[in-house]
Engineer: 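Sending over a structure as structure tokens; questions will come in a sec.
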Amino acid sequence: MHREPPKFPCKLETELDRLSSLPAHVIDQILSQLPIRDAVRTSVLSKKWRYKWATVPHLVFDNHCVSTSSQDQTFIKNKLVNIVDHVLLLHNGPILKFKLSHRDLLGVSDIDRWILYMSRSCVKEFILEIWKGQRYKVPSSLFLCQNLIHLELFNCLLKPPSTFKGFRNLKSLDLQHITLSQDVFENLISSSPTLERLTLMNFDGFTHLNIDAPNLQFFDIGGVFDDVTFENTFHLALVSIGLYVNGKNDQAMGPGNSCKLLRFFVHLPHIRRLEIQSYFLKYLAIGNVPSRLPRPCVDLNYLSIRINFNDLEENLAALCLLRSSPNLQELEMLARPEETGIGVLTNFWEVDHWTSLFSQLRMVKIVGISGIRSELEFIKFVLSNSPVLETMTIKPASLEGGWDLIKELLRFRRASARAEIIYLDPQLQ
């Protein structure tokens, strides 16, 4: 009697059985790490996986979700719209995150439908990035999403309805290439009482940044504006601010505002990290700059300043900040190369400005210098007043005069015996 050899499951069947036997929370974790296109494809693995993707709470539609060799933007746009419609139609369960960001995405009317759909869900994180075309006017239905914790918009126009009372649960707001009015901006910030992080980049429609946010901890801004004031921001710890135009420091003062620098720091008692970018130091130098702030920034341990070393007002503002930061541990000075040849400032940093040392300063980085006297005086000043300095990294604007600069630096007296000067090739990124 002929006996059939025993049948062993093939390797593929074994692997599929293993996939089917995975716990539900493990499957959810796997799906959450996949692009939406690949998550949908898992339907073919087994019955257990067939519609499992339809319960994924995080939906991301980006460049990875459309695979095509076509360069026809209309074709790509239609395919993207079909994918989003298909996923939303079959999705079953809460949507906690919705991100729409594709390089060929225009502000099409289909987005209005999707936002309306999200407003009926419990979406907590909404990200919309329109990479092409004119500003997309966000529909009023977005302002019904009262469960939002994170909102991120790129290339959009915001005009909330008169009934909008703010996002009561919003913790993070990121607005870039955005248009909104002065009133809308101020109401949006002040009516979001739980806001902790605020990013503003390249905005228009308003020029006065009045920040009233009692729980704000992080503020990053870059753009063109006339004024910035803080109110009720006593928890704000990390600030990065860049003014993209070279404003004149003979600007007329508002009533009662004799110094921008003083007004800027009144409501920042616990700031830990400050980045002054582009021309914002010139703004802070407007008015009568004091020798030091009335109340020192005792928590400030990192300071980055972009500066024209030949501008007296900017140097005075920088000196005031340095004097007012007794616990500074890391300092970065970025020279504005387009201005290094304007005017000549001498002996500013050679004068005895100091009544106490950089007692905590350990790391210094100086970038974009050309070897002019005011820059060398500043380097000498820091080296001679930093007893615990460990490294000073210097990256000039060009190779010209590099060796002479190194020889000059090596002659400077150092208060710290451990201080090491590191010279970086300006051609290195």
Engineer: Which side-chain N or O atoms in residues 152-159 pair as donor and acceptor under 3.5 Å with protein atoms at least two apart or in another chain?
Structural biologist:
unit_1	atom_1	unit_2	atom_2	d
E152	OE1	H150	NE2	2.9
N155	OD1	R135	NH1	3.1
N155	ND2	I130	O	3.2
N155	ND2	G133	O	3.1

Engineer: For R113, is the CZ atom crowded, meaning more than 12 foreign heavy atoms sit under 6.0 Å from it?
Structural biologist: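 It does: R113 CZ has more than 12 such atoms within range.
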Engineer: Taking the ring of H267 and the ring of F234, is the distance between their centroids below 6.0 Å?
Structural biologist: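 Aromatic pair counts; centres sit under 6.0 Å.
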Engineer: Do side-chain atoms of S121 reach the backbone of M118 as a donor and acceptor pair under 3.5 angstrom?
Structural biologist: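 Checked: no pair found.
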Engineer: Do T233 and F219 come close enough that some side-chain heavy atom pair is under 4.5 Å?
Structural biologist: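 The answer is no, as the side chains (C-beta and beyond) never meet within the 4.5 Å cut-off.
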Engineer: Roughly how far, to the nearest 0.5 Å, is the CE atom of M333 from the CZ atom of R306?
Structural biologist: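 These two atoms lie 11.0 Å from each other.
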Engineer: Can you find a heavy atom in the side chain of L128 that is under 4.5 Å from one in the side chain of Y136?
Structural biologist: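 The answer is yes, as the side chains (C-beta and beyond) meet within the 4.5 Å cut-off.
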Engineer: Do the non-hydrogen side-chain atoms of F206 and L180 ever get within less than 4.5 Å of each other?
Structural biologist: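 Heavy-atom side-chain distance check passes, below 4.5 Å.
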Engineer: What's the verdict on side chain to side chain contact (heavy atoms under 4.5 Å, CB included) for L209 and L200, showing C-alpha distance, side-chain angles and the deciding distance?
Structural biologist: CA-CA 10 Å; L209 302 172; L200 291 170; 4.3 Å; yes
Engineer: Check whether any side-chain heavy atom of C320 sits under 4.5 Å from a side-chain heavy atom of L293, and report yes or no.
Structural biologist: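 Contact flag for C320/L293 side chains = yes.
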Engineer: Going by atom types only, do S240 and Q277 share a side-chain donor-acceptor pair under 3.5 Å?
Structural biologist: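 Q277 and S240 do have a side-chain donor-acceptor pair below 3.5 Å.
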Engineer: Might you work through the ring pair (Phe, Tyr, Trp, His ring centres under 6.0 Å) test for F98 and F61, ending with a clear yes or no?
Structural biologist: CA-CA 8 Å; F98 183 87; F61 302 95; 5.6 Å; yes
Engineer: State, to 0.1 Å, how close N210 and E186 come at their nearest heavy-atom pair, and which atoms those are.
Structural biologist: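 In this case the closest contact between N210 and E186 is ND2-OE2, 2.5 Å.
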Engineer: Begin from the C-alpha positions of Y283 and F264 and carry the test ring pair (Phe, Tyr, Trp, His ring centres under 6.0 Å) through to its verdict.
Structural biologist: CA-CA 10 Å; Y283 165 90; F264 181 79; 7.6 Å; no
Engineer: Looking just at side-chain N and O atoms, do N308 and E314 make a donor-acceptor pair shorter than 3.5 Å?
Structural biologist: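 No donor-acceptor contact under 3.5 Å links the two side chains.
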Engineer: Under a 3.5 Å distance rule, please check whether R362 uses its side chain to pair with a backbone N or O of Q360 as donor and acceptor.
Structural biologist: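 Indeed, once roles are kept as given, a pair shorter than 3.5 Å links the two residues.
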Engineer: Nearest 0.5 Å, please: how far is CD1 in I271 from CG in D299?
Structural biologist: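 It is 10.0 Å, given to the nearest 0.5 Å.
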Engineer: Okay, side chain of R295, backbone of P269: is any donor-acceptor separation there less than 3.5 Å?
Structural biologist: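 No, R295 side chain to P269 backbone: no donor-acceptor pair under 3.5 Å.
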Engineer: L88 vs L59, test: side chain to side chain contact (heavy atoms under 4.5 Å, CB included). Steps then yes/no.
Structural biologist: CA-CA 9 Å; L88 293 182; L59 300 181; 3.9 Å; yes
Engineer: Which class fits the ring pair F381 and F358: parallel under 30°, tilted 30 to 60°, perpendicular over 60°?
Structural biologist: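 Geometry flag for F358 against F381: perpendicular rings.
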Engineer: So, D62 and S101: side-chain donor and acceptor under 3.5 Å apart, yes or no?
Structural biologist: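 Side chains of D62 and S101: no pair found under 3.5 Å.
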Engineer: So F203 and L175, do their side chains get closer than 4.5 Å, heavy atoms only?
Structural biologist: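 L175 vs F203: side chains apart.
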Engineer: Does the pair D110/K77 count as a salt bridge with the N-to-O cut at 4.0 Å?
Structural biologist: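 Salt bridge: no.
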Engineer: For Q134, look at atom CD and say whether over 12 heavy atoms of other residues, nucleotides or ligands are found less than 6.0 Å away.
Structural biologist: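 No - once you tally the heavy atoms of other residues, nucleotides and ligands closer than 6.0 Å, there are 12 at most.
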Engineer: So which atom in N169 and which in Q146 form the shortest heavy-atom distance, rounded to 0.1 Å?
Structural biologist: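 Closest pair (atom of N169, atom of Q146, distance): ND2-O, 2.8 Å.
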Engineer: Working to the nearest 0.5 angstrom, can you tell me the gap between L274 CG and S325 OG?
Structural biologist: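 It comes to 8.0 Å.
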Engineer: State, to 0.1 Å, how close I305 and L303 come at their nearest heavy-atom pair, and which atoms those are.
Structural biologist: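 Answer, listing the atom of I305 first, then L303: CD1-CD2, 3.7 Å.
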Engineer: Starting from the C-alpha separation in whole Å, work towards a yes-or-no answer on side chain to side chain contact (heavy atoms under 4.5 Å, CB included) for I379 and I421.
Structural biologist: CA-CA 11 Å; I379 294 172; I421 297 179; 5.8 Å; no
Engineer: Ignoring hydrogens, what is the shortest heavy-atom contact between S398 and P426? Give both atom names and the distance.
Structural biologist: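 Heavy atoms only, the tightest pair is C-CG, 3.5 Å.
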Engineer: Do you see a donor-acceptor pair shorter than 3.5 Å between the side chains of N310 and S374?
Structural biologist: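 The answer is yes; a qualifying pair exists.
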Engineer: Would you mind reporting whether E275 and Y302 have side-chain heavy atoms less than 4.5 Å apart?
Structural biologist: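 Y302 reaches E275 side chain to side chain.
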Engineer: Between L383 and L389, is any pair of side-chain heavy atoms under 4.5 Å apart?
Structural biologist: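 L383 vs L389: side chains touch.
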Engineer: Is it true that K260 and D227 have a side-chain N and a carboxylate O under 4.0 angstrom from each other?
Structural biologist: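 Yes.
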Engineer: Can you tell me which residue among E332, K365, R273 is in a side-chain hydrogen bond (donor to acceptor under 3.5 Å, both in side chains) with S304?
Structural biologist: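 That would be E332; it is the only one of E332, K365, R273 passing the side-chain hydrogen bond (donor to acceptor under 3.5 Å, both in side chains) with S304.
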Engineer: At what distance, to the nearest 0.5 angstrom, does OG of S190 lie from CZ of F185?
Structural biologist: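 CZ of F185 is found 9.5 Å from OG of S190.
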Engineer: Would a distance-only check, ignoring hydrogens and angles, find a side-chain to backbone donor-acceptor pair under 3.5 Å from H91 to V56?
Structural biologist: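 Yes, the answer is positive, given that a donor and an acceptor are paired below the 3.5 Å cut-off.
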Engineer: Could you work out, with salt bridge (charged side-chain N to carboxylate O under 4.0 Å, His left out) as the rule, every residue matching E420, not counting sequence neighbours?
Structural biologist: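 Per chain and number, E420 pairs via salt bridge (charged side-chain N to carboxylate O under 4.0 Å, His left out) with no residue.
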Engineer: To the nearest 0.5 Å, what is the distance between CG on N315 and CZ on F309?
Structural biologist: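 It comes to 7.0 Å.
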Engineer: Is there a side-chain contact between E375 and S370, using heavy atoms and a 4.5 Å cut-off?
Structural biologist: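 They are in contact (side-chain heavy atoms under 4.5 Å apart), so the answer is yes.
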Engineer: Between I211 and L236, is the side chain to side chain contact (heavy atoms under 4.5 Å, CB included) condition met? List the steps.
Structural biologist: CA-CA 11 Å; I211 310 299; L236 189 52; 5.9 Å; no
Engineer: Report the distance from atom SG of C122 to atom CG of L148, rounding to the nearest 0.5 Å.
Structural biologist: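 Reported to 0.5 Å precision, the distance equals 10.5 Å.
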Engineer: Could you report the tightest heavy-atom contact between Y423 and P396, atom names first, then the distance?
Structural biologist: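 Closest approach of Y423 to P396: OH-CG, 3.2 Å.
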Engineer: If every non-hydrogen atom of P161 is compared with every non-hydrogen atom of F143, which pair is closest and at what distance?
Structural biologist: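 Answer, listing the atom of P161 first, then F143: CD-CD1, 3.7 Å.
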Engineer: Would the number of heavy atoms belonging to other residues, nucleotides or ligands and lying under 6.0 Å from CE of M363 be above 12?
Structural biologist: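 No, CE of M363 has 12 or fewer neighbouring heavy atoms, counting only those of other groups under 6.0 Å.
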Engineer: Check salt bridge (charged side-chain N to carboxylate O under 4.0 Å, His left out) between R414 and all other residues, then give those that pass, not counting sequence neighbours.
Structural biologist: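 Testing R414 for salt bridge (charged side-chain N to carboxylate O under 4.0 Å, His left out), a comparison that skips the adjacent residues, returns none.
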